[in-house]
Amino acid sequence: MKNIQDLIGKKLVLSGWLHGIRGSNRFQFITFRTDGILLQVIAEKEKLGEEEFHKIKSLNQETSLQISGELLANEKAPLGVELNLDSLEIIGKSNDYPITPKEHGTDFLMNHRHLWLRSKRQLAILRVRSELSFQIRNFFHNKSYLNLDTPILTGSVGESAGTLFSTEYFDLGSAYLAQTGQLYLETGIFAHNKVYCFGPTFRAEKSKTKRHLAEFWMVEAETAFCGNDSNIDLQDEFIRTVISETISKTLPELAILERDVEKLQNYIKNPIPRIDYSDAIELLKKHNFSIEWGDDINAEGENNITEELQSPVFIKNYPRAIKAFYMKQNPSNPQTVLCADLIAPEGVGEIIGGSEREEDFHKILERIREEGLPEETYEWYLDLRKYGSVPHSGFGLGLERLVSWICGVPHVRECIPFPRMMYRIHP
Ligand code: 4AD
Ligand code: MG
């Protein structure tokens, strides 16, 4: 539905569901769900007659209906409008709908995810997600990036051998579910200079944290003739643009989620600060973290840094040993790579990982060997370093983590329709 306010004064016929109902002996207020919005409908006994009013009063939650009536302005109604009911027809009955207005535990709701999606908060979150996905595509489209769809079944390890889902692939041995589209995206820059992909990615990560999924959506961009700093410039523009566009299109949803929108807007008002990994370690040491140069920064550490800066932050140039094989060695400090992670505040943590790529044939082959990766499956990838290799960079953003930040929803399981986690494959 476009803007419902524009329909004030019109007679409408709507199809949808009874989300909730309350009222008295003279009036019933139906919350009617259609097109993902919750519309207030008022049924008056005097107007509809005793029999019809009684039928309405005894309707169950989630009954599907066709209704008609005039749309009137009403400041007190949640959308500022209210439908004054003329007639109502039952399409499909609903008995004993399991999710009632009372409190349910998360496990119960997760088991009923197929129904839980109808609830107010879930409607709001998935509408924000949908808008954000659109804005992400729009951003790259406006910058003339080509959308290159990368495969989900792959023959080589994309990110790390430790977190692969594998499956038998005809007579050709194992295939893996893609952990990233990056390596394929890198092929695309030689044809189109600027490419992006946006799709599901898979990690068999045995982590039960609030930011890990086994299946998540990632948008990745790859740019030819682009160094690490220009790559960070692009990420900065990208993240601030898609957040601000999404906010402006989803204010009613963010209000339902009780998100402090001003706080979020303040985080993206100015370019996002950039600090070096080494300085991040020094800062954490100062805050009594037991951490040494060379260690990865965990969620608690990330949180501490964003709290200190009161801002999202790019952490640059991590140690080579803890990052993926394809990252380019930093010429001014060979123990590090030219990369950056974008860390979001408010407990969200890493939302983007990006880097300049190693463009030298021998150096990247050496890294593949160092990591013990099966060299023969990278022949095609190594070809890219043989035929017109160029400096290039890219990054990947985890969609659910950004949805969770924008919505102020602490756990990523609510930020995707059907979360796949270590202990959950149903529904
Ligand atoms: O940092 P990651 O592993 O980077 C890559 O995959 C690169 N190939 C991207 C690139 O340069 N083209 O993952 C990128 C982002 C993370 O910052 C995080 O937001 C998200 O993907 N992510 C996850 N989100 C939910 N559940 C998980 N298990 C995730 N693992 C990574
Ligand atoms: Mg990462």
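Both counts, for ligands and for their atoms, begin at 1 and track the order of listing.
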Here's a test for you: under side chain to side chain donor-acceptor pair (under 3.5 Å), which of Arg121, Arg127, Lys120 qualifies with Glu253?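 Per the side chain to side chain donor-acceptor pair (under 3.5 Å) rule, the option paired with Glu253 is Arg127, out of Arg121, Arg127, Lys120.
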
Any chance the rings of [X] and [Y] have centres within less than 6.0 Å?
X: Tyr196; Y: Phe140; result: yes
X: Phe325; Y: Tyr378; result: yes
X: Trp380; Y: Tyr184; result: yes
X: Phe395; Y: Phe238; result: yes

Quick check: [X] and ligand 1, any N/O pair under 3.5 Å apart?
X: Glu222; result: no
X: Leu397; result: no
X: Ser355; result: no

As an exercise, identify every atom of ligand 1 less than 4.0 angstrom from a heavy atom of [X].
X: Thr180; value: 6 (O), 8 (N)
X: Arg357; value: 10 (C), 11 (O), 12 (N)
X: Tyr326; value: 7 (C), 8 (N)

Counting only heavy atoms closer than 4.0 Å, does ligand 1 sit against the backbone of [X], its side chain, both, or neither?
X: Glu159; result: side chain
X: Glu215; result: neither
X: Leu402; result: neither
X: Phe216; result: side chain
X: Glu205; result: side chain

Atom 12 (N) of ligand 1: which protein heavy atom is closest, and how many Å away?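 Heavy-atom neighbour on the protein nearest atom 12 (N) of ligand 1: Glu220 OE1, 2.7 Å.
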
[X]/[Y] ion pair, N-O < 4.0 Å:
X: Glu370; Y: Arg367; answer: yes
X: Glu302; Y: Arg211; answer: yes
X: Glu358; Y: Arg320; answer: no
X: Arg33; Y: Glu62; answer: yes

Can a donor-acceptor pair be found between the side chains of Thr336 and Asn330 at a distance below 3.5 Å?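 A pair is found: one side chain offers a donor N or O, the other an acceptor, under 3.5 Å apart.
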
Glu400, Gln179, Arg211: member with heavy atom nearest to atom 25 (C) of ligand 1: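 Heavy atom nearest to atom 25 (C) of ligand 1 belongs to Arg211.
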
Sorted by first residue and then second, give each side chain to side chain donor-acceptor pair (under 3.5 Å) pair with at least one member in residues 167-176; sequence neighbours left out.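 Counting only pairs at least two positions apart or across chains, no side chain to side chain donor-acceptor pair (under 3.5 Å) contact touches residues 167-176.
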
Distance, nearest 0.5 Å, that separates CG of Leu14 from CD of Gln66: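 The distance works out to 8.5 Å.
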
Quick check for you: within a radius under 2.8 Å, how many protein N, O or S atoms neighbour the Mg ion (ligand 2)?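 My tally for this metal is 1.
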
